[in-house]
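Lettering of chains follows the sequences in order, A, B, ..., and the numbering in each one begins at 1. No hydrogens, no waters, no symmetry mates; every other heavy atom, side chains included, goes into these values.
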Amino acid sequence: MRNAEIAAALRELGILYELDGADRFRVLAYKEAARTIAQSPVSVEQLAKEGRLTELPGVGKTLAQKVETLLETGTIPSADKLKAKFPATLVEVTRVPGLGAKTARRIYDEAGVENLVQLKEAAEQGRLSGIRGLGPKTEENILAALEGVTEDGLGERLLLSQVLPIAEQIRADLLELGVAERIEIAGSARRWAETCKDLDLIAVTPDPAALAEALATHGLAAESRRGGDAFASVLTHSGLKVDLRIGPEETFGDLLQHFTGSAAHNVQLRERALARGLSVSEHGIARVEGKRVHKFADEAGVYDLLGLPFIEPELREGRGEIEAGDTGELPDLVEVDDIRGDLHCHTTLSDGRNSLDEMAEAARGRGYAYLAVTDHSASHGFGNHVTARQLAKRIEEIRAWNESAPRGFRLLAGSEVNIDTDGSPDYPDELLAELDWVIGSVHTSFKISERAMTERVIAAMEHPLVDCIGHLTGRLLLRREPYAVDIERIAEAAARTGTMMEINGNPNRRDLNEGHAKLAAEAGVRIVCNTDAHGTETLANIRYSVATARRAWLSAKQIANTRAWRSFAPLRKRASR
DNA sequence: GCCGTTTTCGGCCCGACTGTTTTCAGTCG
């Protein structure tokens, strides 16, 4: 059973308890445990086998036992008991925005509503407004919210790469109009999360009404939701909800900290504050006993008063960053400017959009010292494979290009070879030996067992001419699940064989993900930040690769391609042959 | 249900908003 399934079962059980009227902290405990399990980079099923479940923060004896039962029998008895008490479909009713467990339960008890279909009927027939606490306005809101229910469910998320360009555009335009003194991107976009539910912007302005109006009439805005002196919200044509919060200059740091989150980070920060007699909110930090409120125009001041160094937004996920800040063990995170070369890109030889020359020029224009050209190999199944003969010719072409290359920049003759089901690359070794750099990637036969996939990848890493593994899990965010691999075994094998592992910066992939990347780097694996660019413009996706590295707590020295060529070259596995 | 540089019991983040209420419960981020 995958972590996501275990987490979903606990989350459901938490909601069932909530529907049953359980203590809210008990419900919170289930949701917290579900969150940590969903985020765990290692298999929770494996942890259970080793009797180590309680090592997960938020998982105690009771929850560990429930997870063990779930893994053994496929169900949790307490969940079954509650499902016999009231319909389990009430869980989906609680997912309607504005409806929670309390209301869902009351609507079930008093109007017999068991699911979303019945909810819609009841609201249309006006059968909800008689219920205590519910009126005609609530009915209206429920119907409006149900309109937004799609086949895939509620609360659709967007890729960061769909959100960030909009955020940057709106911010730049509003600043240029002169309607705001300061605007910053906050929320999950500022933390460089993989996907976002909405976009949060924070602003300081002498004229809130003018700023709200400027947002409402911005070219990207399809409709204005609502506005006021401190708040404006619009929906873009692409379906992104943009919330703009306006505050005074003197608490800008407090506001930015609050709305950058994450929720888990903020909760932990406030708990730490309370232990020191301080209460943190978006308005400042107050003494619990006393009147004095500390306000900060700058975010660093907030952390400083709590005895912490500044914590980079990418780390604010409640994964130990506050403890690390306390003990002075926060990492010095890698930055985009540290990257000296890109080791994964394509040209028109396979499925890229630009020529070798164009890609080389674009890489040079970014200030890189090297670019590995890694077109797809002989068996790439999309009609754009590169035969051994074509690759041999390409190698010569690159050698010639380097002869007349500008100083301080070189092209590497590379390939992204397919890893066959038995783990072997799909070019002959003699040809691979001619190359400067080889990435091995899985592009076929995704649906094999975790054990088979793990062994397939490890076999590829044992090959002396496979320098690096590309996009390890093959996931496509919001579209295709990752294939299951045993990341601990793979990281061990990568460290042992000296095989590097890439963080693919295609914003649909971000693969290695942050959990895998952290675990691999801690196991001693050399990580590389790549783009997998299929055109000159997507070389800029390096920022997503670096973002994942930062969210994995990685420093420049843990990323191999922050090195100049002469110190990177000997790190390649082939260099030690 | 979890957890411990105040605690193995008694805590468990904070405020805004909404719609329904004459003082507040529920929901959200």
Item to check | Nearest-Å distance once atom P is located in both dA16(B) and dG10(B) | outcome: 32 Å
Next on the checklist: Among dT27(B), dC14(B), dG19(B), which nucleotide has an atom closest to any side-chain atom of Ser281(A)?
Outcome noted: dC14(B)
Item to check | Atom-pair distance (CD on Glu282(A); C1' on dC28(B)), nearest Å | outcome: 12 Å
Item to check | Sorted by number, the residues of residues 237-254 of chain A with heavy-atom contact under 4.0 Å to DNA chain B | outcome: none
Checklist entry - Run the side chain to side chain donor-acceptor pair (under 3.5 Å) check on Asn504(A) and Asn506(A) step by step: do they pass? => result CA-CA 6 Å; Asn504(A) 189 299; Asn506(A) 179 326; 5.0 Å; no
Checklist entry - For Lys120(A), does the NZ atom sit with more than 12 other heavy atoms under 6.0 Å from it, leaving out its own atoms? => result no
Checklist entry - Any side-chain heavy atom of Glu5(A) sitting closer than 4.5 Å to one from Glu45(A)? => result no
Item to check | Whichever of Arg132(A) and Leu274(A) has its nearest DNA chain B nucleotide further upstream toward 5' | outcome: Leu274(A)
Checklist entry - Between the side chain of Arg191(A) and the main-chain N/O of Thr260(A), is any donor-acceptor distance below 3.5 Å? => result yes
Checklist entry - For Ser555(A) and Gln558(A), does a side-chain donor sit closer than 3.5 Å to a side-chain acceptor? => result yes
Next on the checklist: For Pro136(A) and Val280(A), find the nucleotide of DNA chain B closest to each by heavy atoms; which residue's nucleotide sits nearer the 5' end?
Outcome noted: Val280(A)
Item to check | Rounded P spacing from dT23(B) to dC28(B) in Å | outcome: 26 Å
Checklist entry - Okay, side chain of Asp511(A), backbone of Thr473(A): is any donor-acceptor separation there less than 3.5 Å? => result yes
Checklist entry - What is the distance, rounded to the nearest whole Å, between atom CD of Glu271(A) and atom P of dT5(B)? => result 13 Å
Checklist entry - If you measure from the C1' atom in dC14(B) to the same atom in dT20(B), how many Å do you get, rounded? => result 23 Å
Checklist entry - For Ile202(A) and dG29(B), what is the distance between atoms CD1 and P respectively, to the nearest whole Å? => result 15 Å
Item to check | Short side-chain N/O contact to dG29(B) OP1/OP2 from Lys197(A), under 4.0 Å | outcome: yes
Checklist entry - What is the nucleic acid contact for Leu134(A), judged by heavy atoms within less than 4.0 Å: base, sugar-phosphate only, or nothing? => result sugar-phosphate
Next on the checklist: Cation-pi check for Phe310(A) against Arg316(A): NZ or CZ below 6.0 Å from the six-membered ring centre and within 45 degrees of the axis, yes or no?
Outcome noted: yes
Next on the checklist: How many whole angstroms separate atom CD of Glu139(A) from atom P of dG19(B)?
Outcome noted: 13 Å
Checklist entry - In this structure, which one of Asp298(A), Val302(A), Val280(A), Val293(A) forms a side chain to side chain contact (heavy atoms under 4.5 Å, CB included) with Asp254(A)? => result Val302(A)
Next on the checklist: Mind checking if Ala273(A) touches a base, just sugar-phosphate, or nothing, with heavy atoms under 4.0 Å?
Outcome noted: nothing
Item to check | Stretch residues 13-44 of chain A: residues that reach within less than 4.0 Å of DNA chain B through a heavy atom | outcome: Asp23(A), Phe25(A), Arg26(A), Ala29(A), Tyr30(A)
Item to check | Pair assignment for dT8(B), Watson-Crick or G-U wobble, requiring both distances under 3.5 Å | outcome: none
Next on the checklist: When you measure from the side chain of Arg106(A) to the backbone of Arg132(A), do you find a donor-acceptor pair of N or O atoms at a distance under 3.5 Å?
Outcome noted: yes
Checklist entry - Roughly how many Å is it from NE2 in His258(A) to C1' in dG29(B), rounded to a whole number? => result 7 Å
Item to check | Test log, rule salt bridge (Lys or Arg N to Asp or Glu O under 4.0 Å), inputs Arg190(A) and Glu299(A) | outcome: CA-CA 13 Å; Arg190(A) 183 164 180 243; Glu299(A) 228 184 11; 2.8 Å; yes
Checklist entry - Which is true for Arg105(A) with a 4.0 Å heavy-atom rule: it touches a base, it touches only sugar-phosphate, or it touches nothing? => result nothing
Checklist entry - dG1(B) phosphate, OP1 or OP2: any side-chain N/O from Lys66(A) under 4.0 angstrom? => result yes
Checklist entry - Which part of the nucleic acid, if any, lies within reach of Gln268(A) when heavy atoms closer than 4.0 Å are counted: base, sugar-phosphate only, or nothing? => result nothing
Checklist outcome for this item: In whole angstroms, the gap separating C1' of dG1(B) from CG of Leu53(A) amounts to 15 Å
Checklist entry - Rounding to the closest angstrom, what is the interatomic distance between dT7(B) and dC12(B) at atom P? => result 15 Å
Checklist entry - If you measure from the P atom in dC2(B) to the same atom in dT6(B), how many Å do you get, rounded? => result 23 Å
Item to check | Note, Glu514(A) side chain near Arg550(A) side chain (heavy atom, < 4.5 Å) | outcome: no
Checklist entry - Roughly how many Å is it from NZ in Lys61(A) to P in dT8(B), rounded to a whole number? => result 18 Å
Next on the checklist: Nearest whole Å is fine: how far is dG29(B) C1' from Leu255(A) CG?
Outcome noted: 13 Å
Checklist outcome for this item: Picking from dC2(B), dT20(B), dT27(B), the nucleotide nearest the side-chain atoms of Thr62(A) would be dC2(B)
Checklist entry - If the C1' atom of dG1(B) is compared with that of dT5(B), how far apart are they to the nearest Å? => result 24 Å
